[in-house]
Colleague: 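Pasting a structure below so you can have a look.
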Amino acid sequence: MNCVKVALNLPLDKLFYYKVPEELTGQVKIGKRILVPFQKKKLIGFVVEEVKENHKNLREIIKIIDDFPPIGNDLLLLGRWIAEYYCCSIGQALHSILPIQYPFKADKDKLNRKKSSFSLPVSHKYRGEMDALLKEGKVILLRVENWEKRIDLYLQLIKGVLEKNRQVILIVPEVSYIPPLQKALQNFYKGEVSVFHSKLSPKQRYNQWWRMKRGEVDLAIGTRSVVFSPFPKVGLIIIEEEENLAYKQIEVPRYHVREVAIKRAEIEQFPIVLFTQSPSLESWERGKEGVYKSISFSKDVKNFPQVEVVDLRKERDRIFSSPLTKTIRQELEKNRPVLLFLSRRGYANFLLCRECGEVIRCPNCNIGLTFHLRDDLICHYCGYRQKAPQVCPLCRGKELHRVGVGTEQVEAEAKKRFSGIGIRRVDLDAINSPLAYKQLLNNFKKGKSDLLIGTQLLIKEEILQRVSLVGIILIDTLLNLPDFRAGEHVFQLLMKIKKLMRGDGKIIIQTYNPEHFALSTLKKGKEEAYYEEEMRIREELGYPPYLHWVRILLEGRNKDKVEEAARRTEEKLKGEKISFLGPSPCPFSRIKEKYRYHLVLRDESLVRIREVLKKRLISLFVHFSNVKVAIDVDPLRTM
DNA sequence: AGCACGCCGACT
DNA sequence: GTCGGCGTGCTC
């Protein structure tokens, strides 16, 4: 009797045995999906292993879904690695690798392959260099800020790989990056491009997957999941903006696409190129240690805009300091558009009662409600809305003070100060669709906006290139986020602005913390000094990348139960020779009616952390009722 | 993750 | 007497 080991999409660290019925023997193959009975349900699972020996009391496979294995040996290996590294089941990893429900039937269609062709009017100056790089067999970190140069390098890289009859995967952080990139590449690359991301319909995803599998295309562009592209022979993976936080998946499996890509490259033997404007500290360190080959294509430092840091403690006006106001006027007089950045939507951060000192909070989240001019009070975490009260709901106090500045307030203040100009606010409340953004951009390019006020939505090359002044209203909103990477993210954001703006431009940063080294190194243009100092601090405090972190997040509606679970986890850890932080309430201690506690295990060796997890903790977590446990290996955010 | 089993309190 | 809470344990 034949049986198979099957990986199911369940959070169970276990494979299940099933009997192969007579009529299906011969059709079973490793990597195919099958339908199996599981308790009262029917589930789709992957055949992971064929077993000859006899097992009693096994249930039978209901049917075989695919005519051929959609997941080959290499992707199966990658799935096993993801499961091991990120502490999930093989089934969960494999279902993430193949995010498609349709069956794969025998390929009867004729191959409709169109030969890719190139015309490269761009200079070939990097061609030899790129070819030589790819031969080195190392991960390559390319520090390039400028779009044109980046496209040029992409084309050189892609051409080199396609000539060897191999395929290229190009990974971007978000769907919105795809169309402009595709357009730019297709000016020179005449072949078919497969586009793959989570917003495609199931049918579209299935079709794209087929095109890649059959080798009808040589180039795939997409978000995270395109890293699992089933190309016959991958020759190169390019990752755009490697430092982008979107590359870490929030749900299980909580993988980082950079790490998965590097692992895949190791398994299938092909090179990896990471592009960045301002690298993550992890990549910078690996570059310095020689793990990555790091190459800078940056323009001359002299061509970067000047940076001025304004100490708000010394200013009377805390939105428009005198240096900022003066410079804005100068720019407007010269008819040059200005961008004001603030990472906070709404009018005011929260409402504070002057009499009892209470802040009006969201009933679902332990967070102050943001005051908006039109919609009144809104929770930026769960979307809860209510009308702003006239008096304090607790003490009936009449003085509700609006604390903290948001983009709406900056807009209102700007309108008072600068008349007769086009002022446009750009945040998630004002721009709610790609079309709205497109319209904004068109109007901006036509010169209809003199002053743009907005959040991260504005930090785009096409906008930054066209402004000569960027004013950061209050960098402290980002600098003081309760996350140890806050400083790094601020530095990356400001560096990106600096590198994308024209050389004759200016950046004015307003802050209550002008001594912060992320700001001082930025001002002096000492990029390397920033990374070195950040590394020193991380080492001193036992933070990544010096130590590996594994975060255990405990969530539940019942506060006592979550606390109890946290305490029991702590008890189990105390006997182990491993360093850990917590348990403590998360910085955002309650979100969407759920109380949140966390612990962080840390060690130089991830293997050691995983051993403790598997031997001591997983068995404990199973017994928690009404408390959800999330294990996040190499977490990017710990809020 | 689901789902069943089982053991205690407050209801028709 | 039974309905339903959630602690416990299992799923090929």
Side-chain angles (χ1 to χ4, degrees), chain A residues 1-25 27-66 76 79-80 82-84 86-99 101 249-255 552-569 571-572 592-597 613-633:
Chain A
M1 182 185 68
N2 269 355
C3 30
V4 283
K5 278 192 192 177
V6 180
L8 298 172
N9 188 13
L10 296 170
L12 302 174
D13 192 20
K14 207 179 168 187
L15 296 171
F16 291 85
Y17 289 86
Y18 284 90
K19 191 156 68 176
V20 184
E22 279 299 315
E23 67 272 21
L24 294 181
T25 38
Q27 285 183 54
V28 169
K29 258 203 187 115
I30 290 171
K32 277 192 189 182
R33 290 170 302 166
I34 55 175
L35 193 68
V36 294
F38 188 83
Q39 302 195 145
K40 286 188 166 178
K41 282 186 169 174
K42 292 172 183 175
L43 295 181
I44 292 175
F46 285 87
V47 176
V48 163
E49 214 180 308
E50 285 186 81
V51 193
K52 289 278 179 238
E53 77 238 46
N54 256 342
H55 276 81
K56 39 192 165 154
N57 301 329
L58 294 188
R59 298 174 79 176
E60 278 192 352
I61 294 173
I62 298 167
K63 74 170 182 189
I64 293 171
I65 292 170
D66 303 305
L76 188 63
R80 285 181 184 276
I82 289 173
E84 167 82 6
Y86 291 103
C87 293
C88 69
S89 72
I90 293 172
Q92 288 174 315
L94 294 181
H95 282 266
S96 186
I97 288 177
L98 187 80
Q101 305 100 18
Q249 179 144 304
I250 304 161
E251 319 90 58
V252 177
R254 299 185 172 82
Y255 67 87
I552 298 167
L553 175 67
L554 304 164
E555 273 187 312
R557 279 164 197 271
N558 183 324
K559 193 183 180 195
D560 292 340
K561 283 197 175 162
V562 180
E563 272 178 5
E564 165 77 6
R567 226 203 59 245
R568 282 168 69 186
T569 310
E571 283 304 309
K572 267 269 155 55
K592 293 179 189 171
E593 295 185 313
K594 281 185 185 136
Y595 292 91
R596 313 167 78 237
Y597 277 72
L613 267 170
K614 286 198 174 144
K615 283 192 190 139
R616 309 262 78 182
L617 296 183
I618 306 279
S619 53
L620 175 74
F621 295 158
V622 174
H623 297 293
F624 292 166
S625 63
N626 298 316
V627 176
K628 244 191 174 179
V629 183
I631 299 170
D632 193 354
V633 178

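Proteins get letters first, then strands, A, B, ... in listed order; numbering begins at 1 in each.
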Colleague: Using heavy atoms to find the nearest nucleotide of DNA chain B for P11(A) and K40(A) separately, return the residue whose nucleotide is more 5′.
Modeller: P11(A)
Colleague: Are D66(A) and K32(A) within salt-bridge range, i.e. N to O under 4.0 Å?
Modeller: no
Colleague: Should the pair K628(A)-E555(A) be classified as a salt bridge under the 4.0 Å nitrogen-to-oxygen rule?
Modeller: no
Colleague: Sub-3.5 Å donor-acceptor pair from the side chain of Q27(A) to the main-chain atoms of L24(A), do we have one?
Modeller: no
Colleague: From the options V6(A), L35(A), V28(A), select the one residue that forms a side-chain contact (heavy atoms from CB on, under 4.5 Å) with I61(A).
Modeller: V28(A)
Colleague: Step by step, work out the salt bridge (Lys or Arg N to Asp or Glu O under 4.0 Å) result for K614(A) and E84(A).
Modeller: CA-CA 11 Å; K614(A) 286 198 174 144; E84(A) 167 82 6; 3.4 Å; yes
Colleague: Give me the atom names and distance for the closest heavy-atom approach of T569(A) to F621(A).
Modeller: OG1-CE2, 3.9 Å
Colleague: Does K628(A) place a side-chain N or O at less than 4.0 Å from the phosphate oxygens OP1/OP2 of dA1(B)?
Modeller: no
Colleague: Quickly work out the K41(A) NZ to dC3(B) C1' distance and round it to whole Å.
Modeller: 9 Å
Colleague: Rounding to an integer number of Å, can you tell me how far L43(A) CG sits from dC3(B) P?
Modeller: 10 Å
Colleague: Which letters describe nucleotides 5-12 of chain C, given B = protein heavy atom under 4.0 Å from base, S = only from sugar-phosphate, - = neither?
Modeller: -SS-SBBB
